[in-house]
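These numbers come from the heavy atoms of this one structure, side chains and all, not from hydrogens, waters or symmetry mates. All chains are named by letter (A, B, ...) in the order of the sequence lines, taking the proteins before the strands, and each is independently numbered beginning at 1.
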Number of protein chains: 2
Amino acid sequence: MSSPAAARGEKAASQTLKAVLKLRDLIVSGELAPGERVPELQMVERLDVSRTPVRAALMRLEQENLVEALPGGGYAVRRLSEPDILVSIEMRGTLEGLAGRLAAERGVSAAHLAEAGEILDGIDRIVRPLDLDIDLALYVDLNAGFHALIAEMAGSPALTLEIERVAAMPFASPSALVPLEAGSPATHHVLTIAQEQHRTALEAIAAREGSRAEAILREHARNAQRNLRRALASGRQLMELAGGRGR
Amino acid sequence: MSSPAAARGEKAASQTLKAVLKLRDLIVSGELAPGERVPELQMVERLDVSRTPVRAALMRLEQENLVEALPGGGYAVRRLSEPDILVSIEMRGTLEGLAGRLAAERGVSAAHLAEAGEILDGIDRIVRPLDLDIDLALYVDLNAGFHALIAEMAGSPALTLEIERVAAMPFASPSALVPLEAGSPATHHVLTIAQEQHRTALEAIAAREGSRAEAILREHARNAQRNLRRALASGRQLMELAGGRGR
DNA sequence: AACCGGCATTTGGTATACAATGCCACCCCG
DNA sequence: CGGGGTGGCATTGTATACCAAATGCCGGTT
């Protein structure tokens with residue numbers, strides 16, 4: 001193809017990454033309908049890469065549960081039902097709970113505890129003030145950092161990787177369902193509760209109370225389930241993001 | 001790709017599958033040392049397929065945690081420590097526990113219960129007699145079937161898929177108890193215990209006792225941890241434990 | 001109207017070429 | 001003699017052309 005794509009200020013590091021990003025966007029934005037077939041050649045023109053990275057991207061998205069391999073060959077956009085998403089969240093909670101328990105049982109370094117504490121302090125500074133105008137972007141950042149840290153504290157790369165994998169599933173990320181309106185009291189309330197769970201979970205880990213940490217982290221993920229249900233009840237927007245299937 | 005013969009683990013249906021199988025074997029058998037780079041071209045000749053399926057296989061094995069992507073490109077055989085494997089097993093137990101709980105909470109069809117019951121009857125016929133000469137191959141088959149059924153009873157494709165993925169990690173499969181010798185009393189004992197857990201887990205699911213099912217299934221997976229520890233303690237090389245995976 | 005056969009499309013796979021990258025050994029210069 | 005290049009080699013990522021098998025659609029035939 002053309003030689004210096006980067007010279008024009010394009011953002012693609014590798015063609016495969018470019019394809020993954022674009023494809024994921026097409027699916028999540030609903031431009032590719034659930035159940036729809038994803039022909040490679042069509043994607044070649046739509047994504048402006050050759051077949052090779054398209055195929056690589058499809059394989060990766062298969063791992064992410066965004067597309068499924070068809071028995072006869074090829075791929076189709078996965079249909080995501082509400083229960084599917086709820087289970088994904090439950091899986092994340094379960095695995096994060098496992099991570100928390102392992103971290104508690106094995107004990108974690110002071111450095112880890114300190115780092116986690118700092119993140120939580122940061123969240124406090126966002127959530128504690130009665131100022132309703134919350135910096136959601138910053139919250140999402142810190143929140144993701146805290147969850148990543150919990151995974152890491154278990155000291156098992158395999159577990160960390162698995163949590164990441166599950167969290168990559170649509171709407172299963174710890175930060176996926178925060179998009180409530182930035183100014184509302186409901187948002188403030190939800191975040192306050194979540195932060196309290198962060199605190200107690202970290203406390204339990206520090207105190208080496210394994211099952212307590214596990215239970216809290218599981219329950220913590222259920223916040224996301226509740227948020228999802230509420231978002232769905234108050235309008236289908238999220239489902240459209242998930243891939244359009246209004247139903 | 002998938003031909004009709006794919007059902008009973010016959011010869012490679014597709015080149016990719018052939019590559020995955022062979023490559024997995026090379027890694028698990030230790031012919032490719034942990035940490036070693038896996039050059040594509042070298043694999044092309046060793047596996048007797050072209051680059052495309054080799055790359056596909058490497059991507060698959062990456063998600064199975066058998067190889068890891070190197071920052072500069074390419075892949076290397078993953079180093080697996082004992083704790084890593086133990087955590088993998090713990091993850092499987094945790095997710096199977098989740099599946100059992102969900103199945104219990106949601107209730108399962110009579111057909112599913114009957115099918116599971118039949119499998120357990122089959123295992124009984126192998127394990128119950130005091131004949132120590134156990135048909136391990138058949139046991140492994142039935143055992144894998146039972147575990148697959150538990151996953152399926154949760155009614156969530158995403159969860160089933162995730163359990164399969166975790167079980168595909170080295171030595172994490174429910175059937176990876178192959179360090180057992182076919183004739184020994186110890187083996188008979190281990191299998192008897194495991195089967196009792198199968199029974200009680202199914203009973204809990206049928207009775208819709210969610211947390212009981214979850215606890216039993218978790219504990220059940222810990223058998224595998226114990227077996228692995230014992231095998232390691234008795235001086236065997238990890239690589240000898242290759243073992244079958246479900247499917 | 002139902003059925004049948006053939007054609008077009010699509011995919012998995014092979015082969016090949018080429019650019020970018022990283023690594024290493026070797027060489028030149030101080 | 002040693003350090004800093006520096007060029008070459010190996011390898012990966014990407015593009016592209018092509019092929020065989022599978023799939024499904026379309027039109028013709030009975």
Side-chain angles (χ1 to χ4, degrees), chain A residues 1-24 26-27 32-63 66-78, chain B residues 1-7 9-24 26-27 32-33 35-63 66-78:
Chain A
M1 260 242 144
S2 59
S3 14
R8 281 191 291 269
E10 305 286 333
K11 52 188 170 179
S14 84
Q15 297 300 94
T16 299
L17 192 58
K18 177 179 170 186
V20 168
L21 261 33
K22 282 191 175 183
L23 240 186
R24 187 155 45 198
L26 285 182
I27 294 174
L32 291 173
E36 186 180 343
R37 196 134 194 261
V38 188
E40 292 176 0
L41 289 175
Q42 188 180 316
M43 291 306 114
V44 164
E45 32 182 88
R46 264 177 106 163
L47 308 182
D48 190 37
V49 295
S50 73
R51 263 183 85 191
T52 311
V54 166
R55 295 174 76 172
L58 283 170
M59 287 191 249
R60 275 193 54 184
L61 293 186
E62 185 195 7
Q63 302 178 11
L66 280 175
V67 302
E68 62 187 337
L70 298 176
Y75 294 89
V77 177
R78 189 141 219 167
Chain B
M1 182 210 188
S2 55
S3 92
E10 277 311 307
K11 275 141 199 165
S14 80
Q15 297 300 94
T16 299
L17 192 56
K18 177 178 169 185
V20 168
L21 260 33
K22 283 191 175 183
L23 199 45
R24 188 151 53 195
L26 284 182
I27 294 174
L32 292 171
E36 186 180 343
R37 196 141 194 262
V38 187
E40 292 177 3
L41 289 175
Q42 188 181 315
M43 291 305 115
V44 165
E45 34 182 270
R46 266 179 103 162
L47 308 181
D48 192 36
V49 294
S50 73
R51 266 182 83 192
T52 308
V54 165
R55 306 188 100 223
L58 283 170
M59 288 193 247
R60 280 240 215 133
L61 294 186
E62 184 195 7
Q63 85 162 169
L66 279 175
V67 302
E68 63 189 334
L70 297 176
Y75 295 88
V77 177
R78 190 144 221 162

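Atom NZ in B:K22 sits 9.0 Å away from atom CD in B:Q15 (nearest 0.5 Å). Separating the CG atom in B:L58 from the CZ atom in B:R51 is a distance of 10.5 Å, to the nearest 0.5 Å. A:D48 contributes atom CG, which lies 13.0 Å from atom CE of A:M43 (distance to the nearest 0.5 angstrom). How far CE of A:M59 is from CZ of B:R55: 8.5 Å, rounded to the nearest 0.5 Å.
Contact check, A:S14 against D:dT14: a side-chain N or O comes under 4.0 Å of OP1 or OP2.
DNA chain D is contacted by B:R51, B:R55 of residues 48-56 of chain B, taking any non-hydrogen atom closer than 4.0 Å.
For the pair A:L70 CG and C:dT11 P, the computed distance is 9 Å after rounding to whole Å. Atom OH in B:Y75 sits roughly 17 Å away from atom C1' in C:dG22 (whole-Å rounding). Rounded to an integer number of Å, the gap from A:E45 CD to C:dT9 C1' is 14 Å. Residue B:Q42 contributes atom CD, which lies 8 Å from atom P of D:dT11 at whole-angstrom precision. If you measure from atom CE of A:M43 to atom P of D:dT14, you get 18 Å, rounded to the nearest angstrom. The distance between atom CZ of A:R60 and atom C1' of D:dG13, rounded to the nearest whole Å, is 14 Å. Rounded to an integer number of Å, the gap from CG of A:L41 to P of D:dA15 is 14 Å. Straight-line distance from the CD atom of B:E40 to the C1' atom of C:dA17: 15 Å, rounded to whole Å.
Side-chain contact between A:V38 and A:V54: absent, with no pair of heavy atoms (C-beta onward) separated by less than 4.5 Å.
At most 12 non-hydrogen atoms from other residues, nucleotides or ligands lie less than 6.0 angstrom from CZ of A:R60.
Among the nucleotides D:dT12, D:dT14, C:dT11, the one closest to any side-chain atom of A:Q15 is D:dT14.
The only member of A:L61, A:L66, A:L32 that meets side chain to side chain contact (heavy atoms under 4.5 Å, CB included) when paired with A:V77 is A:L32.
Looking at heavy-atom distances under 4.0 Å, A:V44 makes no contact with the nucleic acid at all.
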